[in-house]
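Scroll down for the structure; my scribbles are underneath it.
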2 protein chains.
Amino acid sequence: MRARPSADTELGLMACSAIFRPADLTFLLHAAVDRMTVDLDRAAVEMGLNDVRDWLVLAALDDGQQRTQLELSRIVCVDKTTLISVLDRLEQHKLIVRTVDPADRRVRIPQITPAGRRTYAKFATARDAAEARALDGVDPEQRTLLLNLLARIADRQNAAQPAT
Amino acid sequence: MRARPSADTELGLMACSAIFRPADLTFLLHAAVDRMTVDLDRAAVEMGLNDVRDWLVLAALDDGQQRTQLELSRIVCVDKTTLISVLDRLEQHKLIVRTVDPADRRVRIPQITPAGRRTYAKFATARDAAEARALDGVDPEQRTLLLNLLARIADRQNAAQPAT
DNA sequence: CTCGGATCGTCTTGACTCGGACGATCCGAG
DNA sequence: CTCGGATCGTCCGAGTCAAGACGATCCGAG
């Protein structure tokens with residue numbers, strides 16, 4: 001499991017909102033991510049995965065498309081060198097296999113196994129449950145607004161001119 | 001500056017939304033955080049800071065309260081060992097000084113210097129500008145709703161029972 | 001006062017990440 | 001066919017982070 005701040009500092013997060021202005025967008029985003037990550041990491045370890053990234057990789061492989069490791073690394077936003085260790089672990093747990101593309105023997109085609117599919121499905125339901133818990137009591141209209149606003153922030157171009 | 005994924009993988013983030021279901025709360029949160037962090041990190045380096053955490057520390061010290069390093073680490077949610085290097089750097093740049101508490105010679109009281117205050121103020125305006133950019137065109141009512149929902153997610157108790 | 005346990009800041013160590021280098025392989029030019 | 005450049009996966013080295021060990025210091029019991 002990826003190292004995370006200990007419980008001490010974890011709780012401290014909440015203390016921040018008392019000290020910093022409470023409506024700090026960046027701070028709240030970080031806090032919300034941390035909160036979700038705690039849930040998802042726990043769900044991941046419960047089913048033998050290491051990390052949310054393990055699940056991201058499984059998710060990307062679940063559609064059965066043939067992807068090279070490089071494509072995969074771009075899709076899940078993991079450095080290609082880091083992806084290697086993830087794939088090593090998943091392969092060791094028999095959740096994926098690395099096949100060689102007969103048409104180009106340089107590339108490896110990681111493919112999800114039935115066991116990997118089962119693990120992925122279990123994690124997906126856990127994730128859905130976590131998100132439902134997080135949004136419990138928020139009416140659907142507000143949910144979609146939240147998601148839209150987040151998407152809007154995320155999609156914003158990196159247009160802030162690169163330092164004159 | 002803290003290492004971040006290269007531009008390649010950075011852009012790949014957006015590709016995710018095409019592959020995963022587009023309304024994935026966790027994914028959007030991550031993407032939004034990444035987006036804000038890019039802006040803030042850039043602002044930080046422009047004024048000689050290393051990191052957003054440098055600014056967090058300055059912000060926590062700006063109110064002039066006497067805090068030990070341990071308290072400080074809890075407030076800014078940084079491991080106490082990591083905080084040491086942050087304080088070392090800030091002290092080297094003369095933005096803070098470490099004083100010894102005369103009442104308890106074990107503890108150090110980091111205090112912000114006038115130069116530190118100036119740097120903090122500059123960063124604060126840069127941060128406000130970044131957040132304003134991120135929320136450009138969103139009407140005030142929706143902004144407060146967004147912040148409230150984020151706070152709600154973040155504040156949620158770690159109540160998911162710790163694995164039976 | 002003395003002494004054992006608790007608490008502070010720092011140091012050490014092991015794990016992780018990522019940029020760059022490397023071997024294997026492909027492909028197009030000649 | 002041969003050969004040079006491009007592209008794949010992997011490995012290595014520098015840097016970062018945090019858990020645990022450690023010395024210095026405090027404080028309460030006796």
Side-chain angles (χ1 to χ4, degrees), chain A residues 1-13 30 34 37-38 41 44-45 49-54 56-57 66-92 96-111, chain B residues 1-13 34 37 41 44-45 49-54 56-57 66-92 96-111:
Chain A
M1 155 113 96
R2 181 155 39 170
R4 292 191 49 72
S6 66
D8 265 1
T9 54
E10 198 79 51
L11 289 178
L13 238 180
H30 270 283
D34 270 25
T37 304
V38 168
D41 271 353
V45 299
L49 297 180
N50 238 26
D51 211 280
V52 184
R53 284 204 319 267
D54 286 16
L56 272 179
V57 171
Q66 311 257 328
R67 302 181 200 285
T68 72
Q69 293 188 191
L70 202 57
E71 288 166 353
L72 193 55
S73 80
R74 276 195 274 263
I75 288 171
V76 299
C77 313
V78 169
D79 189 84
K80 64 172 181 167
T81 58
T82 306
L83 179 63
I84 290 178
S85 58
V86 176
L87 291 178
D88 284 347
R89 182 173 49 243
L90 292 177
E91 192 169 29
Q92 199 172 354
I96 66 154
V97 289
R98 266 188 262 218
T99 63
V100 205
D101 183 352
D104 182 346
R105 293 204 319 248
R106 287 173 304 177
V107 310
R108 304 296 145 87
I109 310 287
Q111 283 184 309
Chain B
M1 158 120 88
R2 181 156 38 169
R4 292 190 50 70
S6 65
D8 265 0
T9 55
E10 197 80 52
L11 290 179
L13 239 180
D34 269 25
T37 304
D41 271 353
V45 301
L49 297 180
N50 238 28
D51 212 281
V52 183
R53 284 203 319 269
D54 285 15
L56 273 179
V57 171
Q66 310 257 327
R67 302 181 200 286
T68 72
Q69 293 187 190
L70 202 58
E71 289 166 350
L72 192 55
S73 79
R74 274 196 276 264
I75 288 172
V76 300
C77 312
V78 168
D79 188 84
K80 65 173 180 166
T81 57
T82 306
L83 179 64
I84 290 178
S85 58
V86 175
L87 291 178
D88 283 348
R89 183 173 48 244
L90 292 177
E91 192 169 28
Q92 200 172 353
I96 67 153
V97 288
R98 266 188 262 219
T99 62
V100 202
D101 183 353
D104 183 347
R105 292 205 317 248
R106 287 173 304 175
V107 310
R108 305 295 147 86
I109 310 287
Q111 284 184 308

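First the proteins, then the strands, lettered A, B, ... as listed; each starts at 1. When reading the values below, keep in mind they use all heavy atoms of this one structure, side chains included, and skip hydrogens, waters and symmetry mates. All of these numbers come straight from a predicted model, not from anything done at the bench.
- As rounded to whole Å, 10 Å separates atom P of D:dC17 from atom CG of B:Asp54.
- For C:dT17, the OP1/OP2 oxygens have a side-chain nitrogen or oxygen of A:Arg53 closer than 4.0 Å.
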Decide yes or no on side-chain contact (heavy atoms from CB on, under 4.5 Å) for B:Leu87 and B:Leu72, but give the supporting numbers first. CA-CA 11 Å; B:Leu87 291 178; B:Leu72 192 55; 4.3 Å; yes
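- The CD1 atom of B:Ile75 lies 11.0 Å from the CG atom of B:Leu56; values are rounded to the nearest 0.5 Å.
- Residues that satisfy the salt bridge (charged side-chain N to carboxylate O under 4.0 Å, His left out) test with B:Arg89, not counting sequence neighbours, are B:Asp54.
- For A:Thr81, the side-chain hydrogen bond (donor to acceptor under 3.5 Å, both in side chains) test picks out A:Asp79, with sequence neighbours left out.
- B:Arg67 has its CZ atom 14 Å from the P atom of C:dG9, to the nearest Å.
- Rounded to whole Å, the distance from CG on A:Leu70 to C1' on C:dG19 is 15 Å.
- Interface residues of residues 97-106 of chain B facing DNA chain D, ordered by number: B:Asp104, B:Arg105, B:Arg106; criterion, heavy-atom separation under 4.0 Å.
- Residues passing the side-chain contact (heavy atoms from CB on, under 4.5 Å) test with B:Asp101, sequence neighbours excluded: B:Ala103, B:Asp104, B:Val107, B:Ile109.
- Residue A:Thr68 is in sugar-phosphate contact alone, with no base atom involved, counting any heavy-atom pair closer than 4.0 Å across all strands shown.
- To the nearest angstrom, P of C:dC11 lies 10 Å from CZ of B:Arg108.
- Look at CD1 on B:Ile84: it is 14 Å from C1' on D:dT16, rounded to the nearest Å.
- In this structure, the NZ atom of B:Lys80 is 11 Å from the P atom of D:dG20, given to the nearest Å.
- Remark: A:Gln69 engages A:Arg98 in a side-chain hydrogen bond (donor to acceptor under 3.5 Å, both in side chains) (not counting sequence neighbours).
- Stretches of at least 3 consecutive Watson-Crick or G-U wobble pairs, with each checked distance under 3.5 Å, appear in DNA chain C as C:1-30 with D:1-30.
- Nearest to the side-chain atoms of A:Gln69 among the listed nucleotides C:dG9, D:dT10, D:dC8 stands D:dT10.
- For the atom pair CD of B:Gln111 and CD of B:Gln66, the computed distance is 4.5 Å after rounding to the nearest 0.5 Å.
- An OP1 or OP2 oxygen of C:dC18 is reached within less than 4.0 angstrom by a side-chain nitrogen or oxygen of A:Thr82.
- Rounded to whole Å, the distance from CG on B:Asp88 to C1' on C:dG9 is 11 Å.
- From B:Arg108, atom CZ reaches atom OG1 of B:Thr68 across 11.5 Å, with rounding to the nearest 0.5 Å.
- The side chain of A:Thr81 sits closest to D:dC11 out of D:dC11, C:dG9, C:dT10.
- A distance of 11.5 Å separates CG in B:Leu83 from CZ in B:Arg74, rounded to the nearest 0.5 Å.
- In this structure, the nucleotide among D:dG9, C:dG9, D:dG20 sitting nearest to the side chain of B:Val107 is C:dG9.
- The nearest whole Å value for the distance from the CG atom in B:Leu83 to the P atom in C:dT10 is 9 Å.
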